[in-house]
Amino acid sequence: ALEDLAIPSITTCDWFNNASLSDAREAATLSNGGQLLALIGGCTQMNYEPSIACSGYNKTKNNNDNELLSCFDTSKDLFEKKTLSEQIEQCTKEENEELLKKDAKNVYRCYDDDITNEFPINRMFEYLDNTSASYDSSFKHTGQLWQMQSLWEETDASVALGTLARSSLLEDEVRSSLNNKLTSAVEAGRWSDISLLEVNNVCDGGPALFTALRNWWSMKQKKNSSR
């Protein structure tokens with residue numbers, strides 16, 4: 001199918017061991033302009049961590065057992081049963097007001113204007129620190145890309161709470177300034193190893209993050225050459 005669409009692909013992970021950015025760009029060049037490169041054969045280590053959601057309940061509470069979720073249908077056929085606006089209306093009916101008030105003290109959100117944002121932000125960067133630190137020399141030569149998933153994941157609780165806050169994954173990124181925080185961390189040299197930094201909503205601060213990563217790589221190359 002990829003060949004039929006004239007989309008270039010890499011099927012051997014070893015290719016990445018000696019490939020430069022220029023090599024990748026050349027391999028990804030499309031005949032009609034632009035660049036797209038398909039990776040086949042498990043050439044990425046995802047490092048998926050489901051807990052790094054923007055919003056949820058304190059660690060002492062079980063996200064899936066919380067009563068507040070009972071007013072949302074989190075099943076896969078959600079929109080076949082009720083529209084999003086209908087679910088919000090259901091969850092904010094008068095009989096649920098006391099439940100919402102009771103749970104509010106246990107809720108955290110990543111938003112810049114929320115006093116509870118320190119917990120999800122710190123948890124995100126702890127994950128990124130640990131993921132970068134675990135990218136050791138033995139893995140660097142396997143030809144696999146090492147993902148740092150610098151984006152808010154979804155849980156049942158985060159979907160429900162995000163909906164109540166009239167938010168979305170893209171809005172969560174904007175309201176938490178996550179991409180800007182990543183740029184500052186890269187500029188400060190927080191991580192010694194970055195293989196594949198994955199973000200949501202690249203249109204928000206993407207160029208600045210790209211520049212920071214380019215400068216980070218140049219500095220790393222200079223340090224390596226001076227040893």
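Keep in mind the model is a prediction, meaning the values are calculated, not measured.
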Undergrad: Please report the interatomic distance OG(S51) to CE(M124), rounded to the nearest 0.5 Å.
TA: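 Output value for this atom pair is 9.0 Å.
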
Undergrad: Going by side-chain hydrogen bond (donor to acceptor under 3.5 Å, both in side chains), name the residues that satisfy it together with W191, two or more places apart in sequence or in a different chain.
TA: D129

Undergrad: Report yes or no: do M148 and I121 belong to one cluster of Ile/Leu/Val/Met/Phe/Trp/Tyr joined by side chain heavy-atom distances under 4.5 Å?
TA: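 Yes; tracing contacts between hydrophobic side chains, which count when under 4.5 Å, links both residues.
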
Undergrad: Minimum heavy-atom separation for N47 and Y127, please, with both atom names.
TA: O-OH, 2.7 Å

Undergrad: To the nearest 0.5 Å, what is the distance between OG1 on T44 and CD on E198?
TA: 9.0 Å

Undergrad: Starting from L170 and following side-chain heavy-atom contacts under 4.5 Å between hydrophobic residues (I, L, V, M, F, W, Y), which residues can be reached?
TA: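 In the cluster with L170 there is nothing else; it is isolated.
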
Undergrad: Would you say L128 and L196 are hydrophobically clustered, going by side-chain heavy atoms of ILVMFWY under 4.5 Å?
TA: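 Unlinked, L128 and L196 end up in two clusters.
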
Undergrad: Rounded to the nearest 0.5 Å, how far does CD1 of I10 lie from OG1 of T12?
TA: 8.0 Å

Undergrad: Taking CG in L21 as the centre, count heavy atoms belonging to other residues, nucleotides or ligands within less than 6.0 Å. Is the count above 12?
TA: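 Check passes, neighbour count above 12.
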
Undergrad: Nearest heavy-atom pair of S192 and K220: which atoms, and what distance?
TA: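 Heavy atoms of S192 and K220 come nearest at O-NZ, 2.7 Å.
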
Undergrad: Please, which pairs that meet salt bridge (Lys or Arg N to Asp or Glu O under 4.0 Å) have at least one residue in residues 27-54, sequence neighbours excluded?
TA: none

Undergrad: Answer yes or no: does atom CD of Q35 have more than 12 heavy-atom neighbours from other residues, nucleotides or ligands under 6.0 Å?
TA: yes

Undergrad: According to side chain to side chain donor-acceptor pair (under 3.5 Å), does anything in residues 168-177 pair up with another residue at least two apart or in another chain? List the pairs.
TA: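 As it turns out, the side chain to side chain donor-acceptor pair (under 3.5 Å) pairs with a partner in residues 168-177, which skip direct neighbours, are Y111-D172, D112-S177, W152-S176, S167-D172, E173-N179, E173-N201.
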
Undergrad: Start with the C-alpha gap between R123 and Y108, add the side-chain angles, then the distance that decides, and say whether side-chain contact (heavy atoms from CB on, under 4.5 Å) holds.
TA: CA-CA 12 Å; R123 181 172 61 182; Y108 62 81; 2.8 Å; yes

Undergrad: Same cluster or not: L145 versus V199, using hydrophobic residues (I, L, V, M, F, W, Y) connected whenever any side-chain heavy atoms lie under 4.5 Å apart?
TA: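 No; tracing contacts between hydrophobic side chains, which count when under 4.5 Å, never links both residues.
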
Undergrad: Taking the side chain as everything from C-beta on, heavy atoms only, tell me whether V107 gets closer than 4.5 Å to Y57.
TA: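 Heavy-atom side-chain distance check passes, below 4.5 Å.
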
Undergrad: Are W146 and S134 side-chain neighbours, meaning at least one heavy-atom pair lies under 4.5 Å?
TA: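 Sidechains of S134 and W146: in contact.
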
Undergrad: As an exercise, state the distance from CG of L182 to CD1 of I194, rounded to the nearest 0.5 Å.
TA: 9.5 Å

Undergrad: Do V174 and L151 share a hydrophobic cluster, counting only Ile, Leu, Val, Met, Phe, Trp and Tyr and linking them when any side-chain heavy atoms are less than 4.5 Å apart?
TA: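 Different hydrophobic clusters.
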
Undergrad: Under the side-chain hydrogen bond (donor to acceptor under 3.5 Å, both in side chains) test, which residues partner N130, sequence neighbours left out?
TA: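 So N130 forms no side-chain hydrogen bond (donor to acceptor under 3.5 Å, both in side chains) with any residue.
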
Undergrad: Could you tell me whether the side chain of S225 and the main chain of Q221 form a donor-acceptor pair under 3.5 Å?
TA: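 Between the backbone of Q221 and the side chain of S225 there is a qualifying donor-acceptor contact (under 3.5 Å).
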
Undergrad: Measure the CG-OG1 distance between L197 and T131 for me, rounded to the nearest 0.5 Å.
TA: 10.5 Å

Undergrad: List in chain and number order the residues that pass side chain to side chain contact (heavy atoms under 4.5 Å, CB included) with E3, two or more places apart in sequence or in another chain; answer none if no residue qualifies.
TA: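 For E3, no residue satisfies side chain to side chain contact (heavy atoms under 4.5 Å, CB included) once neighbours in sequence are set aside.
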
Undergrad: Which residues satisfy the side chain to side chain contact (heavy atoms under 4.5 Å, CB included) test with T183, sequence neighbours excluded?
TA: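 For T183 the side chain to side chain contact (heavy atoms under 4.5 Å, CB included) partners, ignoring immediate neighbours, are E187, A208, L209, A212.
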
Undergrad: Which residues pass the side-chain hydrogen bond (donor to acceptor under 3.5 Å, both in side chains) test with T116, sequence neighbours left out?
TA: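 With neighbours one apart ignored, the set is D114.
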
Undergrad: Quick check: closest heavy atoms across P120 and A53, and the distance to 0.1 Å?
TA: CB-O, 3.9 Å

Undergrad: Shortest non-hydrogen contact from S55 to S158?
TA: O-CB, 3.3 Å

Undergrad: With sequence neighbours left out, write down each residue that passes side-chain hydrogen bond (donor to acceptor under 3.5 Å, both in side chains) with N200, or none if nothing qualifies.
TA: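 For N200 there are no side-chain hydrogen bond (donor to acceptor under 3.5 Å, both in side chains) partners, ignoring immediate neighbours.
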
Undergrad: How many angstroms lie between atom OG of S9 and atom CG of L39, to the nearest 0.5 angstrom?
TA: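 CG of L39 is found 9.0 Å from OG of S9.
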
Undergrad: Under 4.5 Å between side-chain heavy atoms, chaining through other members, with only Ile, Leu, Val, Met, Phe, Trp and Tyr counted: pull out the rest of the cluster around L36, sorted by chain and number.
TA: L2, L5, I7, L30, I40

Undergrad: Do L178 and F210 sit in one hydrophobic cluster, given that two such residues count as connected whenever their side-chain heavy atoms are within less than 4.5 Å of each other, even indirectly?
TA: no

Undergrad: Checking the side chain of Q149 only, and the main-chain atoms of M46 only, is there a donor and an acceptor separated by less than 3.5 Å?
TA: yes

Undergrad: Using side chain to side chain contact (heavy atoms under 4.5 Å, CB included) as the criterion, list what pairs up with A24, not counting sequence neighbours.
TA: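 W15.
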
Undergrad: Please name all residues satisfying side chain to side chain contact (heavy atoms under 4.5 Å, CB included) with N215, sequence neighbours left out, ordered by chain then number.
TA: T211

Undergrad: May I ask you to test the Q45-Y135 pair for a side-chain heavy-atom distance under 4.5 Å?
TA: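 Q45 does not reach Y135 side chain to side chain.
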
